[in-house]
2 protein chains.
Amino acid sequence: MTEPDRPKTSTAAALNRLREMILSGELSAQSDHLEAELATRLGMSRTPVREATLVLQGMGLLEVRPRKGVRIKPITIRDMEEVYEILTELESLAAARAAAAGYSADDLRALKEATEEMDAALAREDRAAWAAADEAYHTELVRLGGNSRVIGIVQMYNDQVRRARAATLDARPLPTASNADHRALYEAILTGDAEGAREIHRRHRIAARKLLTAILSDLGQPYV
Amino acid sequence: MTEPDRPKTSTAAALNRLREMILSGELSAQSDHLEAELATRLGMSRTPVREATLVLQGMGLLEVRPRKGVRIKPITIRDMEEVYEILTELESLAAARAAAAGYSADDLRALKEATEEMDAALAREDRAAWAAADEAYHTELVRLGGNSRVIGIVQMYNDQVRRARAATLDARPLPTASNADHRALYEAILTGDAEGAREIHRRHRIAARKLLTAILSDLGQPYV
DNA sequence: GAATTCAACTACGTATACATTAAAAGGAGA
DNA sequence: TCTCCTTTTAATGTATACGTAGTTGAATTC
């Protein structure tokens, strides 16, 4: 456990705080916020807020709309489909690359631990813990893939998945099927079966996508 | 031919100009530039330059290094391998989605025209025209795929491919094999063969990657 | 001669002031 | 009452000022 060190600059602080506020829903989807308002809320001037919003726009969490304030982006079903399509391809790539890399069981320990964590959380019916372990699992998977840009993109889009997940946490059934997938993927990576790893993970992600979009649809989220 | 309208804001102007300067090599790889220097060069104050460099950092074209100026990112072989891996997956996805979308021959006209343009350029041995048509082809392909985020990511990474290509334009052989691939992909999309389209494009991209990295290696580009 | 300390410099980070211009409000005319 | 034009407002885009901290280079010490 490393302490998240306090940001060196106000811009970094604004970036972290605003990101958290969006992910937690404190800044709700579709809401508008003036630069000056956010600056006051964060106790700084407009300059660092402006710089942070530019970056957040690049991450797809909000949209800068001149004279109307920044608009926190909604979570539409269409958006989630796009994000899941990309995560499916890039994580599957990472799985294939990880398998090809010839990792030892020791190298894959973090992956295995995340799997076991998910099992445990599932047994306790602890959705929050399960979600955290699931995220750790996906993060570790792309890390093993070894492509730094894939790592960055996946982290970025995982933020958006987290937002959708936060909106659906209690509505979704416990994801019983996932753990079998995770174990199969672990085996494929360990035995160096690149295309097998790719396909296992792709199917896993496609199932997850169907689940989430069905729930969003039930909850009345707009398609666009 | 639509005239590229002049940017509404200085920040947008700085973004366009700096991007062009990096892609053209006017700001060479590995070079450092102070904010004040760039501001003077662009005839504006530091503020819009700062904002532009933040975005360009997000696009991976430069790195902001406090008190050392922004560093224009080098084009390493490792970087290109990462970029090509991602482009391979996302464009293959786009190809599959385009095939699944059931486009008519009319819908695919722009794709076909780009192919023919490449043929023609190849016959003239006009590498620059070929490169332009090739880029149009890839852009149109992902547009047909219909995932707006894929379009954005591919455009972003195409900037980096363009940089590498600019460094290798005269060193590479004429890409004779490409056109057969393009025609086969066209057929697969038209007939709705999603998995065929995906595989054809994946193989195409893998070959292109091998070609470029071999050339970069010959030219003595550093691996990292 | 090498290492360390100190002082000056300077580039950046941030606040603030100001110009610009889109949007909103208000008023006149039909 | 509706529409169009004018006026006003206010949020942004940009410039600028300034404090701070990282860097450099020189001076001093070992």
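Throughout, protein chains are lettered first and strands after them, A, B, ... in sequence-line order, and every chain is numbered starting at 1. Bear in mind the structure is a predicted one, so any value in this text is a computation, not a measurement.
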Write down the distance between CG (A:L42) and C1' (C:dA15), rounded to a whole number of angstrom.
15 Å
Identify, residue by residue, the members of residues 54-63 of chain A with a heavy atom below 4.0 Å from DNA chain C, and return them in order of residue number, or none.
none
Residues two or more places apart in sequence or in another chain: which of them pass side-chain contact (heavy atoms from CB on, under 4.5 Å) with B:A12?
B:P7, B:T9
With the side chain of A:L34 defined as its heavy atoms from C-beta on, choose the nearest nucleotide among C:dA15, C:dG13, D:dA11.
D:dA11
Just how far, in rounded Å, is P of C:dT21 from NZ of A:K68?
18 Å
Between NZ of B:K8 and C1' of D:dT14 the distance, given in whole Å, is 17 Å
Polar side chain donor-acceptor pair, A:E81 to A:T213, under 3.5 angstrom:
no
Nucleotide nearest B:M44 (side chain, heavy atoms from C-beta), chosen from C:dT21, C:dT14, D:dA15
D:dA15
Stems with DNA chain D, 3 or more Watson-Crick or G-U pairs in a row (under 3.5 Å), are C:1-30 with D:1-30
Looking only at D:dA17, C:dA22, C:dT10, the nucleotide nearest the B:R46 side chain is D:dA17
Of the candidates D:dT12, C:dT10, C:dA15, the side chain of A:R50 sits closest to D:dT12
Would you indicate, yes or no, if D:dA15 has its OP1 or OP2 atom less than 4.0 angstrom from a side-chain nitrogen or oxygen of B:S45?
yes
